[in-house]
Engineer: 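Could you have a look at this structure, given as structure tokens, before my questions?
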Amino acid sequence: MADTLTKTTPEAPGPRATTEARPTRTAAAPEQPAPTVIADAVDVVYRVHGTATSGRGAATAALGRILRRRGRGGEEGGVRTVHAVRNVSFTAHRGEAIGLIGTNGSGKSTLLKAVAGLLPVERGHLYTDGQPSLLGVNAALMNDLTGERNVHLGGLAMGMSRAQIRERYQQIVDFSGVDDKGDFISLPMRTYSSGMAARLRFSIGSAKDHDVLLIDEALATGDRSFQKRSESRIRELRERAGTVFLVSHNNKSIRDTCDRVLWLEHGELRMDGPTAEVMREYERFTGGKA
Ligand SMILES: Nc1ncnc2c1ncn2[C@@H]1O[C@H](COP(=O)(O)OP(=O)(O)OP(=O)(O)O)[C@@H](O)[C@H]1O
């Protein structure tokens with residue numbers, strides 16, 4: 001494992017911090033767990049191209065002209081900007097399970113992708129110790145291949161050796177439960193229900209010990225009994241010294257799995273603290289409906 005934190009995100013073109021205020025790991029107090037992710041005033045901005053509507057007569061063109069007259073959105077030359085994460089700072093440590101909560105569109109998935117190094121930061125810096133893995137997205141599974149082939153492919157994509165995959169193969173299949181209703185593991189993944197595919201992805205992704213594991217709830221779908229199994233798997237992964245981030249709208253899952261919660265709203269970090277405290281405030285904010 002690297003001795004110093006490394007910068008994982010490619011930087012976006014355009015304005016950025018001028019000083020390279022790279023946080024160095026300071027001599028930690030004996031019981032202080034090592035930091036695994038440092039976000040230092042991070043901004044993430046999407047640029048949506050092709051929003052200009054030039055065709056005369058088209059309904060979308062007319063709508064575009066109306067919206068432009070009203071001066072809405074950060075649009076310039078047909079490029080709309082969406083400022084999804086704003087000035088977010090936090091430090092995550094080894095052994096922590098951190099929930100990411102917030103109402104729809106608050107920036108949770110975007111922040112997760114930035115930590116995974118899949119999206120550039122516009123301003124600020126992100127440093128990670130070890131390789132962050134976003135569960136599912138980077139497990140390059142293919143619909144036309146059988147579940148069995150995908151277990152091998154996903155394992156290789158995560159950097160497991162063939163021998164490691166062979167050794168854990170049965171465990172991965174059993175945990176996913178895709179064979180519970182017949183021999184589905186030998187059928188192409190396109191024949192799986194979305195829940196079955198998500199279970200296999202979770203099972204493959206969590207078969208490896210990760211330094212930083214990022215889980216977006218969209219990938220952790222599945223029935224209640226599978227969710228329970230996933231929660232205990234997350235606890236195991238965390239016990240094996242990594243850091244787990246979990247995006248979820250399921251407050252119970254967050255309470256059962258995480259000891260710390262980051263609450264995002266409009267891309268800003270509204271609260272960062274112990275699960276019980278943050279969830280209490282969040283439920284007050286959403287009227288307990290989130
Ligand atoms: N590829 C994209 N291009 C442009 N804007 C995007 C893109 N993805 C997300 N956004 C915008 O960024 C903002 C944050 O979205 P994000 O998906 O991170 O929120 P979220 O908190 O994960 O939402 P949800 O709980 O609904 O999954 C939203 O305004 C969304 O419309």
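Both ligands and their constituent atoms are indexed starting at 1 by order of listing.
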Engineer: How far is atom 26 (O) of ligand 1 from its nearest protein heavy atom, and which residue and atom is that?
Structural biologist: N104 ND2, 2.8 Å

Engineer: Looking only at protein heavy atoms, which one is nearest to atom 11 (C) of ligand 1, and how far off is it?
Structural biologist: V82 CG1, 3.8 Å

Engineer: Mark yes when over 12 heavy atoms from residues, nucleotides or ligands other than H266 sit less than 6.0 Å from its NE2; otherwise mark no.
Structural biologist: no

Engineer: Would a search of protein heavy atoms around atom 3 (N) of ligand 1 find one under 4.0 Å away?
Structural biologist: yes

Engineer: Would you kindly check if the NZ (Lys) or CZ (Arg) of R233 is within the cone defined by 45 degrees around the ring axis of F202 and under 6.0 Å from the six-membered ring centre?
Structural biologist: no

Engineer: Please indicate whether any nitrogen or oxygen in V48 is less than 3.5 Å from any nitrogen or oxygen in ligand 1.
Structural biologist: no

Engineer: Take atom CZ in R149; do more than 12 heavy atoms of anything else shown fall under 6.0 Å from it?
Structural biologist: no

Engineer: Under the 3.5 angstrom rule, does the side chain of D43 hit a backbone N or O of N87 as a donor-acceptor pair?
Structural biologist: yes

Engineer: Please confirm whether H249 approaches ligand 1 to less than 4.0 Å, judged on its heavy atoms.
Structural biologist: yes

Engineer: Just to be sure I'm reading this right: ignoring hydrogens, which of G267, G105, G102 gets closest to atom 13 (C) of ligand 1? Compare them by their nearest heavy atoms.
Structural biologist: G105

Engineer: Quick check: does any side chain N or O of T275 sit under 3.5 Å from a backbone N or O of R260, one acting as donor and the other as acceptor?
Structural biologist: yes

Engineer: Tell me, which protein residue and heavy-atom name are nearest atom 17 (O) of ligand 1, and how many Å apart are they?
Structural biologist: S109 CB, 3.9 Å

Engineer: Return the residue, atom name and 0.1 Å-rounded distance of the protein heavy atom closest to atom 15 (O) of ligand 1.
Structural biologist: T110 OG1, 3.8 Å

Engineer: What do you think, any protein heavy atom under 4.0 angstrom from atom 7 (C) of ligand 1?
Structural biologist: yes

Engineer: When you measure from atom 21 (O) of ligand 1 to every protein heavy atom, which one gives the shortest distance, and what is it?
Structural biologist: K108 NZ, 2.7 Å

Engineer: Around atom 9 (C) of ligand 1, find the nearest protein heavy atom and jot down its residue, atom name and distance.
Structural biologist: Y46 CE1, 3.5 Å

Engineer: Hey, which atoms in ligand 1 end up nearer than 4.0 Å to a heavy atom of S106?
Structural biologist: 19 (O), 20 (P), 21 (O)

Engineer: Scan D211, L118, V212 and name whichever one has a side-chain contact (heavy atoms from CB on, under 4.5 Å) with P132.
Structural biologist: V212

Engineer: What protein heavy atom sits nearest atom 19 (O) of ligand 1, and how far off is it?
Structural biologist: G107 N, 3.2 Å

Engineer: Within the side chain of S89, is there an N or O that forms a donor-acceptor pair under 3.5 Å with the backbone of A41?
Structural biologist: yes

Engineer: I'd like to know if the side chain of T36 reaches the main chain of A92, judged simply by a donor and an acceptor atom lying under 3.5 Å from each other, with no hydrogens or angles considered.
Structural biologist: yes

Engineer: Strictly distance-based, threshold 3.5 Å: is any side-chain N or O of S133 a donor or acceptor partner for the main-chain N or O of L213?
Structural biologist: no

